[in-house]
Peer 1: 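One structure is given below, represented as structure tokens, and several questions about it will come after.
The residues of the chain are indexed from 1 along the displayed sequence. A quick note: this is a predicted structure, and the numbers were derived from the prediction, not measured.
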Amino acid sequence: MGLTKQYLRYASSANFNIIASPSCNTVFVVLQGQEGRYVAVGGCEDVIVWDLRLGEKALVIPGDKHEVTYLAASPDKQFLSVGYADGSVKVFELSSADLVATFSGHRSADTEIIIWDVVAERGLHRLSGHKGIITQVAFLNDRNILISSSKDTFVKFWDLDTTHCFKTLVGHRTEVWGLTLVKNGKYLVTGSNDSELRMWEIQDAQNKSDRPLVVEDIPGDVIDDDVQSDVVSPISCTKAGSILRAGTGRVVGLTSNRDGSVIACFGADNNLEMFEVKSDEEAKLKMKKRLRKQRKKELADSESTNIKDKPTEPEENLIPTLRDEIMRLPIVKYGGKVKSSSLVVGRGRELRIASALNNNRLELHTLGLSVKGSQPQSLRVIEYQGHHSEVRSVAFSSDSLAVISGSAEALKIWNRPSLACLRTIRTDYILSLCFVPGDRHVLVGLKNGKMLIVDIAAGDILEEVEAHSKELWSISLLPDKRGCVTGGGDCTVKFWQFELIQSSESKAKVLSVLHTRSLKLEECVLCVRVSPNSRLIAVSLLDSTVKVFYLDSLKFFLSLYGHKLPVTCMDISSDSTIIATGSADRNIKIWGLDFGDCHRSLFAHDNSVTGIQFVPDTHQFFSCGKDGRVKQWDADTFDRILTLQAHHGEAWDLSVSPNGQYVVSCGSDRVIRMFTRTEEPLVLEDEREQEREEEENAEVEHSEETTVEGQSALHLPSKKTVGSEKAAEMLLECLEVGESYAAELKQYHEAMRRTGKETSALPQPPAIMMAYHASTPAEFLQEILAKIKSSELEESLLRLPFASVLKLLPQLVSLLELPQQPHTEVVCRAALFLVRVHHGPIMSTSSLLPTIRKLHVLSANKIGELRDLVGVNFHGFLFLQHEIEAREGVALFTEAAAQRKQRGKKRRGPTKRAILTV
């Protein structure tokens, strides 16, 4: 075998610049026993937990490929569930960031609800009924009921015991964008495209309230009746009234704190509206005050008009209205559009509001609910850790220790090892960047044509040079490091020389540039590159050509034709022999600089190519495009070496470090991604095989739902995955290997029976069985079933043909007959699923009926034994608890809770009690 050329793999090493993704919600989490200090947000595919007291990242839970779309914290404050754009859900433990469970059942944003068992790590039910994308779900307190809202304008109530929808609210005429439960599940609040927040009162069906319906601040009658199905409803849901929002447009988000005492609502503007839901006692007090004022006013009016006062109903018989229960809180105003918000009420009724904005900012505000007339106060703003808009350009310093990035509003300097932001300089829209030799200054090209000279140490702009009259698209250093070349939208290429001039403010000299000469062209200049040997300069124009000139005389040398759309980026190799050009036609062309011949045209990206740069001292180069990918190429063999799924959206620019060790890229997802060259060798054949396998896996996961012959779709709460396919293959292999080994054992025993003595040694189990430490086919099957993920068991069994099912059922019987069976639950679950799915063919096969009867008896007995075992263990622990309490004279668990409560009282001080005298 001949020698093959190997490459070293570049792997993703860090993501920075992202503070909070606008496509994901914000949620308060508890770390180190502290609530209200830490907030979890989505950072593209990662989950970032920010410490709002220190303004630093407290925890980062890395993701894989897909963007995080939703977060939810568990009620016990120990776990965080993360939803991804591909429809999968992962559960992490907050204290250790360990992955606890993975659920895969959704096909991206579908119209179905799946109920998962977190403990058993399996899907229970798939609820279908909505015709549009589901926008929010919530469990009803103390009831096994789920409420869901959707873009189909409906709000549905689901009974999880029967898995059916028993009530549908049709009071909305447009999409329902959010819902939340308030006052411990007494009210349901929904929001849609109008300015009205509808409030629905939820009660038991036999305790239906006769509350008068009130529409607050809404003129006219806008009340809609709800429509429920014929199913007997366990609860009643009647419209209690409405609240008019101050903002206009649709409701973007609707949330509340854990007990539902505060509602937060935000739309398409920069404001967050909040409403406090009073307790029953507070509502009655407010109602009494309101009635007394009303009576005083009526009494004054009656005295002035000599009209007798009408008798009033006693206050004890009156029911508070929404005007008494709902109080509008001050509006929190932000510097950008609110994308998500989370609330928590702490000690002293201090409300904390954490909000993520669309401009990559995270803000924390506080509001005292117990202080009358208090206003929201800003406690922390996290903004300097990232750009507020898309990053358009990046560049490395000459020592590869610093990275600069430019966006529409600022220039940032980053420390590459620590990923810390060192400087932030406010600028106009940046299109191009370049370090000045010495790494103390930066040249910045702006959209308005100006070129800025920035002092990194001082963080100041030294000079604004009127370089071009239109966009300054490209800046390139000259090989002698004494100047630079710029190309702009005013059809000119300008040459600049670095010089030191006397500062007017101090005696020290500062850097400046001197314009030496210009090259006038007929089309707009999009990119400029100078060959490292100082011989040629290449200019890409808007007419889809690249013109090459001699650097010294600026005489025309070559014109590179071939691209169908303008060339947006290009680069020249270190030996000045090859130039690579990337175009909006999605192609990369490799040219020779000797004669201008095109060596190869490569279909590189699925959208426009936006960045190209060679690795120093090699003919390898990286490219990025609007398809979000970063790719590595070999310009000698024209091979694609590596494809990196970099950005969720367009990738705008990339830069390769001078030592070739690092690559950074930026894109529309506001993440700056760094890739590091590892010591792992990369073989092209293996890489192509891995890519083909990933494509096949993607096709498997996006395929249609599997059906069994003779019946409709099973509508399982899971979906077909690569794991379920592999598990089915493992089961088929297990059955085949077990059958062959069982035949060998049968032949051996028959030979012993005929001869009456051992004619040969006992057949050894196959190697795969020995790898699983199994000596019999039953033990082998037991180990295989135990290896299958709980969430993929049904899908893997569904992949088996009926002939294999006929072989599997008798073996399940033999497994249940074992005296010590550690996986009884899995075996029973597999048997019941196979019988349910293949009920028709099984019942028509008379030879299987005895096997089914044995399965029925054995599974019932085994499950009964498990229940007895759980009961014995539970009461045994109770007995041990009573024994310890009687011997030690303490109350387990209750004493620690009482001590903690006492410490909390000492911190808060004595409780002030109100005394009512009659």
Side-chain angles (χ1 to χ4, degrees), residues 11-106 108 116 118-119 121 255 339-342 344 354-356 360-362 364 380 382 385-386 418-420 644-649 667 669-676 721 723 789 791:
S12 177
S13 59
N15 298 338
F16 54 102
N17 183 69
I18 187 70
I19 296 176
S21 294
S23 58
C24 182
N25 67 315
T26 305
V27 59
F28 274 106
V29 295
V30 177
L31 284 180
Q32 303 172 4
Q34 300 184 27
E35 188 174 12
R37 175 177 176 178
Y38 300 96
V39 64
V41 298
C44 280
E45 68 272 11
D46 300 335
V47 177
I48 304 173
V49 179
W50 288 96
D51 186 344
L52 297 179
R53 180 178 298 175
L54 302 178
E56 300 174 353
K57 293 180 181 178
L59 179 67
V60 176
I61 302 176
D64 189 12
K65 294 181 179 179
H66 302 282
E67 197 171 7
V68 177
T69 55
Y70 202 83
L71 302 174
S74 63
D76 60 3
K77 306 174 184 178
Q78 296 182 11
F79 301 97
L80 181 70
S81 60
V82 183
Y84 295 89
D86 64 337
S88 62
V89 178
K90 295 183 179 180
V91 181
F92 296 91
E93 188 176 4
L94 279 171
S95 58
S96 60
D98 293 336
L99 178 62
V100 177
T102 301
F103 305 110
S104 181
H106 291 282
S108 188
W116 302 94
V118 180
V119 177
E121 299 184 16
T255 185
K339 286 299 181 181
S340 63
S341 187
S342 181
V344 64
S355 300
N360 200 27
R361 288 173 48 147
L362 185 63
L364 175 67
R380 173 71 66 177
I382 299 177
Q385 290 86 340
S418 65
L419 305 179
L644 301 169
Q645 181 63 41
H647 295 274
H648 303 284
D669 55 3
R670 300 178 185 174
V671 179
I672 301 177
R673 301 182 183 270
M674 182 177 295
F675 307 95
T676 305
T721 60
K789 287 185 179 180
S791 59

Peer 1: Looking only at heavy atoms, which two atoms of Pro62 and Asp46 are closest? And how far apart?
Peer 2: CA-OD1, 3.4 Å
Peer 1: Where is the tightest heavy-atom contact between Ile19 and Ile382, given as atom of each residue plus distance?
Peer 2: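 Distance-wise, the nearest heavy atoms are CD1-O, 3.5 Å.
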Peer 1: Between Leu31 and Tyr38, which heavy-atom pair has the shortest distance, and what is it?
Peer 2: O-CE1, 3.4 Å
Peer 1: Is the shortest side-chain heavy-atom distance between Tyr70 and Val89 below 4.5 Å?
Peer 2: no
Peer 1: Short question: side chain of Asp51, backbone of Glu56 - any donor-acceptor pair under 3.5 Å?
Peer 2: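 Between the backbone of Glu56 and the side chain of Asp51 there is no qualifying donor-acceptor contact (under 3.5 Å).
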Peer 1: Which value, rounded to the nearest 0.5 Å, describes the distance between Leu419 atom CG and Asn15 atom CG?
Peer 2: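 Taking CG in Leu419 and CG in Asn15, the distance rounds to 9.0 Å.
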Peer 1: Please confirm whether the backbone N or O of Leu52 pairs with a side-chain atom of Arg380, one donor and one acceptor, at under 3.5 Å?
Peer 2: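 Yes: the side chain of Arg380 pairs with the backbone of Leu52.
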Peer 1: When rounded to the nearest 0.5 angstrom, what distance separates OG in Ser23 from CD in Glu67?
Peer 2: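 These two atoms lie 3.5 Å from each other.
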Peer 1: Partners of Ser95 by side-chain hydrogen bond (donor to acceptor under 3.5 Å, both in side chains), sequence neighbours excluded?
Peer 2: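 Here the qualifying residues are Glu93.
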Peer 1: Tell me whether Gln385 contacts the main-chain N or O of Gly55 through its side chain, where contact means a donor paired with an acceptor under 3.5 Å.
Peer 2: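 Flag set: sc Gln385 to bb Gly55 pair under 3.5 Å.
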Peer 1: Could you state the interatomic distance from SG (Cys44) to NE2 (His647), rounded to the nearest 0.5 Å?
Peer 2: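 With rounding to 0.5 Å, SG (Cys44) is 9.0 Å from NE2 (His647).
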Peer 1: Output yes when a side-chain donor or acceptor of Asn360 lies under 3.5 Å from a complementary backbone atom of Ala20, and no otherwise.
Peer 2: yes
Peer 1: Flag the pair Val27 / Leu80 as yes when at least one side-chain heavy-atom distance between them is below 4.5 Å, and no otherwise.
Peer 2: yes
Peer 1: Taking all non-hydrogen atoms of both residues, which atom of Glu121 and which atom of Val100 are closest, and how far apart?
Peer 2: OE2-O, 3.4 Å
Peer 1: Would you compute the distance between atom CG of Leu54 and atom CZ of Arg37 and round it to the nearest 0.5 angstrom?
Peer 2: 5.0 Å
Peer 1: Let me confirm one number: the CG-CD distance from Asp669 to Glu45, rounded to the nearest 0.5 Å.
Peer 2: 8.0 Å
Peer 1: Would the distance check show the side chain of Ser13 and the main-chain N or O of Met674 forming a donor-acceptor pair, the cut-off being under 3.5 Å?
Peer 2: yes
Peer 1: Just by modelled atom types, is the Gly83 backbone N or O under 3.5 Å from a matching donor or acceptor in the Thr69 side chain?
Peer 2: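 Such a contact is found between Thr69 side chain and Gly83 backbone.
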Peer 1: Please determine whether the number of non-hydrogen atoms from other residues, nucleotides or ligands lying under 6.0 Å from atom NZ of Lys57 exceeds 12.
Peer 2: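 Yes, the 6.0 Å shell around NZ holds more than 12 heavy atoms from other groups.
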Peer 1: What pairs with Phe16 under ring-ring contact (aromatic ring centres under 6.0 Å, His included), at least two apart in sequence or on another chain?
Peer 2: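 Phe16: ring-ring contact (aromatic ring centres under 6.0 Å, His included) contacts with Trp414.
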Peer 1: Ignoring hydrogens and angles, tell me if any N or O in the side chain of Asn17 forms a donor-acceptor pair with the backbone of Arg670 under 3.5 Å.
Peer 2: yes
Peer 1: Between Cys24 and Ser340, which heavy-atom pair has the shortest distance, and what is it?
Peer 2: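 That closest heavy-atom pairing would be O-OG, 3.6 Å.
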Peer 1: Closest heavy-atom contact between Val30 and Leu94?
Peer 2: O-CD1, 4.0 Å
Peer 1: When rounded to the nearest 0.5 angstrom, what is the spacing between CZ in Phe92 and CG in Leu71?
Peer 2: 10.0 Å
Peer 1: Does the Ser88 side chain pair with the main chain of Ser104, one donor and one acceptor, at a distance under 3.5 Å?
Peer 2: no
Peer 1: Check for a donor-acceptor pair, side chain of Thr255 on one end and backbone N or O of Ser342 on the other, with a separation under 3.5 Å.
Peer 2: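 No: the side chain of Thr255 does not pair with the backbone of Ser342.
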